[in-house]
Amino acid sequence: MSDLRALTPELPRSLAARRPRIAVIGDALLDGWMTGTCDRLCREAPAPVVDVSTVDHVPGGAANTAVNLAALGAESVVVTAVGDDVAGDQLVAALRGEGVRTEQVVRATGRRTITKRRIIAGDQLVVRVDDGDRGPLAPDVSARLAYAVSRSLIGADAVLVCDYGTGVLGPEVVEAIKAVREDIPLLVVDAHSLARWRELSPDVVAPNANELAELLGGPLPSDARSRVEVLERERGALAELTGARAVMATLDRDGALLLDGEEPPHRTWARPAPETFTAGAGDTFVAALTIAVAAGTPLSTAAELAQAAADVVVHRPGTAVCTWAELAERLGSDQEALSEPDRLVKAVEEHRAAGQRIVFTNGCFDVLHRGHVAYLNQAKRLGDVLVVALNSDKGVRRLKGPERPVNTESDRAAVLAGLSCVDHVVLFDDDTPAELLRALRPEVYAKGGDYTPEMLPETPIVHALGGEVRILDYLSDHSTTAVIDRIRTGPS
């Protein structure tokens with residue numbers, strides 16, 4: 001089984017093989033998608049007439065999170081209350097069809113299941129129609145739900161709370177979780193109002209930008225870099241306000257930011273699609289994050305995995321789901337993982353013409369580990385586009401000895417390309433990337449290690465081209481050597 005600490009194509013398969021049991025407690029709803037064409041306005045008013053050709057109903061909200069968990073290989077149990085109506089029947093049937101356990105779904109007589117129906121003409125969202133009952137559950141229904149919550153927590157590897165303010169998760173549910181909090185290995189909370197979950201001391205909370213602004217009592221900057229700086233500066237306040245060990249701030253098209261105790265901040269970068277009708281990418285993100293952490297994956301690696309899963313679904317219309325096989329393919333795809341030098345020069349020129357700052361770094365990156373990921377994340381923050389020059393297999397053998405590399409250059413390139421912070425990977429055979437530096441003329445040359453700029457043979461080249469050299473946190477080869485030794489000898 002693969003190392004759960006490494007972001008590799010084998011990781012999703014390994015997580016699915018472990019099949020952690022995860023209880024999703026929250027607001028479930030039914031998403032409706034009505035698609036068709038429009039070529040006229042109605043006579044009664046200047047409103048479009050949509051000739052609907054397809055109608056789909058799929059689980060939404062917490063139910064979509066539960067479906068994503070099942071698709072990623074978890075034993076997914078959904079705990080919620082829905083109406084005893086047709087929409088509720090459709091929702092429960094859809095959940096069962098996707099492999100989600102529904103024995104803890106409470107049916108509320110007289111309550112209308114929340115439904116969000118979207119009408120789409122061509123590539124244009126025309127209108128969204130919401131219906132269903134919001135507000136507190138009836139006392140008897142709330143008591144039944146609290147009992148269902150208590151039953152679902154028995155033997156759970158993780159609990160994921162999805163509280164979107166529809167009134168389903170009342171005080172009785174909070175108390176039911178609180179009563180056994182010490183026995184919950186992992187508690188993740190995704191809630192519009194995180195304050196009400198503070199006393200449960202969540203392990204991870206996953207607020208979006210609006211929820212973060214509400215927590216901090218004011219709007220966040222509009223540009224991503226300033227927003228990240230504010231959140232990093234306020235990390236202590238966020239920990240205090242949420243009671244959480246770690247804050248996983250999701251920033252939509254700007255990726256996500258992990259603030260984990262005293263660990264260095266870790267940012268992911270999204271690869272957004274053009275504006276579409278995708279719904280629920282946040283559900284996919286938190287599902288992938290939860291299954292990874294529940295299985296023992298470090299939070300920074302889990303954040304990268306979650307970003308990759310979200311990137312899969314944003315390229316699809318509708319309420320989309322990412323399977324473990326699709327996630328493995330996304331991480332392992334070596335299509336365009338290695339850039340040809342001539343094409344890379346042209347791509348860099350286009351980036352620069354768009355006003356983007358180019359950061360360049362290089363290394364062997366054999367058996368990618370947590371230190372590598374932190375270093376590359378730090379390098380990306382120095383600009384807008386990160387180019388990683390990768391030593392070829394021949395070059396690694398020359399530098400490290402005949403038993404290295406452990407992974408081939410194509411495998412190393414594919415894993416690097418899977419990191420959200422890496423934009424381009426290019427191969428080089430020489431001992432130094434001098435020729436690539438001359439061809440690409442980066443604004444920043446970043447190097448991790450126990451160096452000073454004066455010790456690097458590349459420094460005069462970078463300075464002559466008008467760039468700067470930045471030495472990042474120390475990254476010793478001993479970390480890679482230790483990982484290789486563990487692989488060869490097995491756990492002690």
Value rounded to 0.5 Å, distance of [atom1] in [X] from [atom2] in [Y]:
X	Y	atom1	atom2	value
Thr80	Ile25	OG1	CD1	10.0 Å
Leu216	Leu241	CG	CG	6.5 Å
Ile120	Thr35	CD1	OG1	6.5 Å
Thr115	Leu91	OG1	CG	8.5 Å
Leu137	Arg111	CG	CZ	4.5 Å
Leu376	Phe365	CG	CZ	4.5 Å

*Mind jotting down which residue pairs meet the ring-ring contact (aromatic ring centres under 6.0 Å, His included) criterion with at least one end in residues 121-154? Sequence neighbours excluded, please.*
none
*Under 4.0 Å between a Lys/Arg side-chain N and an Asp/Glu carboxylate O for Arg19 and Asp157?*
no
*Would you call Asp203 and Arg181 a salt bridge, using N to O less than 4.0 angstrom?*
yes
*Sequence neighbours left out, what passes side-chain contact (heavy atoms from CB on, under 4.5 Å) with Thr102? Give chain and number order.*
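With neighbours one apart ignored, the set is Val78, Val92, Leu95, Arg96, Val105.
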*In chain order, what residues pass the side-chain contact (heavy atoms from CB on, under 4.5 Å) check against Ala310, with sequence neighbours excluded?*
Phe285, Gln307
_Which residues pass the ring pair (Phe, Tyr, Trp, His ring centres under 6.0 Å) test with His351, not counting sequence neighbours?_
His424
Measure from the side-chain N and O atoms of [X] to the backbone N and O of [Y], and report whether any donor-acceptor pair falls under 3.5 Å.
X	Y	result
Arg381	Arg225	no
Arg112	Gly83	no
Arg21	Ile154	yes
Gln124	Ala121	no
Asp423	Val387	no
Glu232	Glu229	no
Ser226	Ser222	no
Arg235	Gly261	yes
Arg198	Glu240	yes
Ser76	Ile22	no

*Write down the atom of Pro48, the atom of Val126, and the distance for their closest heavy-atom approach.*
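Heavy atoms only, the tightest pair is CG-CG1, 3.7 Å.
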_Restricting to non-hydrogen atoms, name the atom on Pro265 and the atom on Asn377 that form the minimum distance, rounded to 0.1 Å._
O-OD1, 4.2 Å
Check: residues 294-306 side-chain donor-acceptor pairs under 3.5 Å, at least two apart:
from   : atom 1 : to     : atom 2 : distance (Å)
Thr297 : OG1    : Leu4   : O      : 3.2
Thr297 : OG1    : Ala292 : O      : 3.1
Thr301 : OG1    : Arg5   : O      : 3.1
Glu304 : OE1    : Ser420 : N      : 3.0
Glu304 : OE1    : Ser420 : OG     : 3.0
Glu304 : OE2    : His266 : NE2    : 2.9
Glu304 : OE2    : Ser420 : OG     : 3.3

*Taking everything shown except Glu182 itself, do over 12 heavy atoms lie less than 6.0 Å from its CD?*
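No, the 6.0 Å shell around CD holds no more than 12 heavy atoms from other groups.
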Do any side-chain atoms of residues 160-174 form donor-acceptor pairs under 3.5 angstrom with protein atoms, and if so which ones, sequence neighbours left out?
from   : atom 1 : to     : atom 2 : distance (Å)
Asp163 : OD1    : Gly165 : N      : 3.2
Asp163 : OD2    : Arg196 : NH1    : 2.8
Asp163 : OD2    : Trp197 : NE1    : 2.9
Tyr164 : OH     : Asp190 : OD2    : 3.2
Thr166 : OG1    : Asp27  : OD1    : 2.8
Glu172 : OE1    : Ser142 : OG     : 2.8

